[in-house]
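Have a look at the structure below before the remarks.
In the text below, chain A, chain B and the rest are named by the order of the sequence lines, each starting its count at 1. Any value given below was found using the heavy atoms of this structure, including those in side chains, with hydrogens, waters and symmetry copies removed.
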Amino acid sequence: MATVTQILQERLQNALQAVGIKSDEPLQLAPTMDPRHGDYQTNAAMVMGKKVKENPRTLASRIVANLSTKGIGPPPEVAGPGFINFRISPEFLAHRVHELALDKRLGVEPVAAPKTIVIDFSSPNIAKPMHVGHIRSTNLGDALARVARFLGHQVITDNHLGDWGTQFGKVIYGWKRLLNRATLDSDPMEELVRIYREADAAAEKDPEILGECRRELVKLQEGDIENRRIWQRCVDLSKAEFSKNYDLLGVRFDFQLGESFYNAELPGVVQELQDRGLAEASEGAIVVWDHELSDDPFIVRKSDGGFGYATTDVATIEYRYRQWHADAVWYVVGAPQNLHFQQLFSLTRRLGYDLDLQHIAFGSILGEDRKLMRTRSGESVPLRALLEEAVGRATAIVAEKNPELSERERSAIGRIVGIGAIKYADLSQHRMTDYVFSWDKMLSLQGNTAPYLQNAYVRSRSIFRKLDAAFVAPSSVELGEEPELALTKKILQFPDVVPAILDGFKPNILANYLYELAAQFHGFYESCPVLSAEPVKRETRLLLCDVFARLLQTGLDLLGIQVPDKM
RNA sequence: GCGUCCGUAGCUCAACUGGAUAGAGCGUCGGCCUCCGGAGCCGAAGGUUGUGGGUUCGAGCCCCGCCGGACGCACCA
């Protein structure tokens, strides 16, 4: 089913044609900000008026004279400098919301041309615990994957683990000399971090130990059996630990191909770059220059003969292109890596790949002191502890607000609310802004938070528990009162909002929409009794409640957030 | 120094990609419970969108210059 804006767009295009105007681009037509300007508006007459040098208001009048809104609402009006304002009739609203209610996809059409999109996100490093810095990448990547899939794209999620690098020299050194087996069994991650830190500190003081670490690294890279085995153990232990976080967050990956997966390809990549004249020797290293971007080189082979992540990233793109036939690759990685990706993308273009590459950057998470979030001792905050604290805090709030819940219900709800709060605090914000992490704000039951939305869902669902039989959508819908109309108008925007998320990779526009939707619902809920209304009104209102709940559930699910039945 | 990003109510954030009188929440003040979950709703106060120019019918958004901040700039990822 077409969306309301699509229907109006079509009418507008017909009218433009009738007055002899061609537009190469689709003209803006969107819901109004202010109800006094109607329900939808377009600036087509002002945009086109400039092009054809006609007074915008007279052009607007000509367009309106040729614009049929039959079946949709009253004739549109010209206002201000040349806006064309549309109003939607209650009958049309009723018809549309009824249609939407009967649609499993809630009015969201799959895209006409599905693409194969690889989404690269989360990417923690082996032998280091995940920390707050991984939250945004993980949440954003997962949400974008869900949205793209819902829209019908072929999505491949890939966790590009940092499982290869110079830190393994120290880890292996520490494993051989400092390892405590008992701690490794009880808390493997902590033990891996400890041996790394101690080896690192020792290497700092003693050049001989540093040399020893380097030799361990070289042995690993050369395929030494024992070092290889230790490395594999570290990878396995770390992945098991990461999985606990991902399970708690409800995040899944199609693949977890770490950097090591591409090791064998690296010499060939550099050779290819040299053969094609893209890479050259510089200060002992092999580098690619792009002076338009930066005076710093893209180093594809280090002067010691080793390879860094630049080379791995090129190999990864080639793999994704050849093996998965990717049309697009989205990297959900923090803003500081901007230059790296510009260089990588530029090189990829020069290599001739027909790929849509996107660096989906995001800002940092700050502590209440407005500085990068750290623990009191100055460490980065472990993700696991953070998630568990969220669940704990949410469980306590739920227990206080609703003491009748069983312990089992309480902990299940606490998890949904706590994890939802963390995710929503992140995703409801514009991704580029640094945001201040605040337990009180994200767990607040007021304002634009997950608990507020989850509660709105719970309220809407609680009505249905009072029904004798399962709810069945009525055969007709009749809208009358203002709150019903306002809620319906907001509901009908959903099919336009979801595709818009991918325009700028901004899940926050969905979050904002859901919040406005919930606010409209509460207004409706306050002033329009449902169960005690006369039969026709009652059926209509039940349908609105049902659609609202499904929209909220679907919308939050696209953000990777669950809803409880009670809370 | 060069580059990227950011600067909006006291605080935390929006603003549908250039549209009409810049919106929410918290906090402050004032209203609303014989009624489906008040974890709610309605209202008031609060702004020269860091700053000075420019582009045009129209700028928080685009261009240029300042001020202030975060981050990145050769072999870590």
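Residue A/Gly308 is in sugar-phosphate contact alone, with no base atom involved, counting any heavy-atom pair closer than 4.0 Å across all strands shown. A/Ile299 comes within contact range of at least one nucleobase, with a heavy-atom separation under 4.0 Å. The residue A/Ser303 sits close to a base: some heavy atom pair falls under 4.0 Å. Within the nucleic acid shown, A/Ser462 comes within 4.0 Å of at least one base atom, counting heavy atoms only. Using a 4.0 Å heavy-atom criterion, one finds that A/Val497 contacts no nucleic acid atom at all. Among the heavy atoms of the strands, none lies under 4.0 Å from A/Tyr513.
Atom P of B/G52 sits at a distance of 15 Å from the matching atom of B/C67, rounded to the whole Å. B/G47 and B/G3 have their P atoms separated by 37 Å, with the value rounded to a whole Å. The P atoms of B/C66 and B/U21 are separated by 32 Å, rounded to the nearest whole Å. Rounded to a whole angstrom, the distance from the C1' atom of B/U56 to that of B/A74 is 47 Å. Nucleotides B/C61 and B/U55 are separated by 15 Å at their P atoms, to the nearest Å. For the C1' atoms, the distance from B/G68 to B/C5 is 14 Å, rounded to whole Å. Taking atom C1' on both B/G53 and B/C11, the two are 32 Å apart, rounded to the nearest angstrom. Here the separation of B/A45 from B/A39, taken at their C1' atoms, is 26 Å to the nearest Å.
In this structure, the ring of A/His340 has its center less than 6.0 angstrom from the ring center of A/Phe298. Residues A/Tyr515 and A/Tyr452 bring their aromatic ring centres within 6.0 Å. Ring-centre distance between A/Phe121 and A/Tyr331: not below the 6.0 Å cut-off.
In this structure, A/His37 atom NE2 and B/C16 atom P are separated by 16 Å, rounded to whole Å. The distance from atom CG of A/Asn455 to atom P of B/C36 is 15 Å, rounded to the nearest whole Å. When the P atom of B/C26 is taken as reference, atom CG of A/Leu445 falls 11 Å away, rounded to whole Å. When the P atom of B/C16 is taken as reference, atom CG of A/Asp503 falls 12 Å away, rounded to whole Å. Remark: P of B/U4 and OH of A/Tyr331 are 22 Å apart, rounded to the nearest angstrom. Remark: C1' of B/G25 and CD of A/Glu516 are 13 Å apart, rounded to the nearest angstrom. Atom CG of A/Asp496 is separated from atom P of B/U17 by 11 Å (rounded to the nearest Å). Computed from coordinates, the A/Met33 CE to B/C16 P distance equals 7 Å when rounded to whole Å.
Nearest-nucleotide positions on RNA chain B place A/Pro31 closer to the 5' end than the other of A/Ile397 and A/Pro31. For A/Asn402 and A/Asn512, each mapped to the nucleotide of RNA chain B holding its nearest heavy atom, the one lying further toward the 5' end belongs to A/Asn512.
An anti orientation is assigned to B/C32, its glycosidic angle lying beyond 90° of 0. Nucleotide B/U17 carries a syn base; the chi torsion (O4'-C1'-N9-C4 or O4'-C1'-N1-C2) is within 90° of 0.
A salt bridge is absent between A/Lys170 and A/Glu216; no separation between the charged side-chain nitrogens and carboxylate oxygens falls under 4.0 Å. Ion pairing between a basic and an acidic side chain is recognised when a charged N comes within 4.0 Å of a carboxylate O; A/Arg87 and A/Asp39 show no such pairing. Checked for salt-bridge contact, A/Lys537 and A/Glu481 meet the test: a charged N lies under 4.0 Å from a carboxylate O.
Counting distance only, with no hydrogens placed and no angle test, the side-chain atoms of A/Ser282 and the base atoms of B/A74 include a donor-acceptor pair under 3.5 Å. For A/Asn85 against B/A20, a side-chain-to-base donor-acceptor contact under 3.5 Å is present. Contact of A/Asn43 with B/G19 (side chain to base): a donor-acceptor pair of N or O atoms is detected under 3.5 Å.
Exactly one residue among A/Asn139, A/Asn508, A/Asn448 makes a side chain to side chain donor-acceptor pair (under 3.5 Å) with A/Tyr424. That residue is A/Asn448.
Proximity note for A/Arg36 (side chain, C-beta onward) versus B/A74, B/C41, B/U21: the nearest is B/U21. Among the nucleotides B/G25, B/U17, B/G37, the one closest to the side chain of A/Lys466 is B/G37. With B/C41, B/A20, B/A39 as the candidates, the nucleotide lying closest to the side chain of A/Tyr452 is B/C41. Closest contact between the side chain of A/Leu531 and the listed nucleotides B/C76, B/C36, B/A39 involves B/C36. Distance from the side chain of A/Met567 is smallest to B/A39 among B/C57, B/A39, B/A15. The side chain of A/Arg465 has B/G37 as its nearest neighbour among B/G37, B/C57, B/C16. Closest to the side chain of A/Ile509, out of B/A24, B/A15, B/G37, is B/A15. For A/Pro529, the side-chain atoms get nearest to B/C36 when compared with the rest of B/A20, B/A39, B/C36. Closest contact between the side chain of A/Asn508 and the listed nucleotides B/G19, B/A15, B/A24 involves B/A15. Comparing atom distances between the A/Lys50 side chain and each of B/A15, B/G37, B/U56 picks out B/U56 as nearest.
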Where do A/Ser460 and A/Tyr525 land on the side-chain contact (heavy atoms from CB on, under 4.5 Å) test, with the steps shown first?
-> CA-CA 8 Å; A/Ser460 70; A/Tyr525 186 90; over 6 Å; no
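Side chain to side chain, A/His160 and A/Tyr262 fail the donor-acceptor criterion of an N or O pair below 3.5 Å.
A/Thr311 places no side-chain N or O within donor-acceptor distance of the main-chain N or O of A/Phe307, the cut-off being under 3.5 Å. A/Arg431 places a side-chain N or O within donor-acceptor distance of the main-chain N or O of A/Phe505, the cut-off being under 3.5 Å. With A/Arg415 contributing its side chain and A/Ala394 its backbone, the two residues share no donor-acceptor pair below 3.5 Å.
Aromatic ring pairs are classed by plane angle as parallel below 30°, tilted from 30° to 60° and perpendicular above 60°; the pair A/Phe494 and A/Tyr513 is tilted.
Secondary-structure annotation of RNA chain B gives the stems B:1-5 with B:69-73, B:10-13 with B:23-26, B:28-32 with B:40-44, B:50-54 with B:62-66, with a stem taken as at least 3 successive Watson-Crick or G-U pairs whose two distances both fall under 3.5 Å.
To the nearest 0.5 Å, atoms OG (A/Ser137) and CE (A/Met130) are separated by 8.5 Å.
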Base-contact (B) and sugar-phosphate-only (S) positions in nucleotides 5-12 of chain B, heavy-atom cut-off under 4.0 Å, - elsewhere | S------S
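Within the structure, a side-chain polar atom (N or O) of A/Gln28 is placed less than 4.0 Å from OP1 or OP2 of B/G19. Proximity of A/Gln446 to the phosphate of B/G40: a side-chain N or O atom is located under 4.0 Å from OP1 or OP2.
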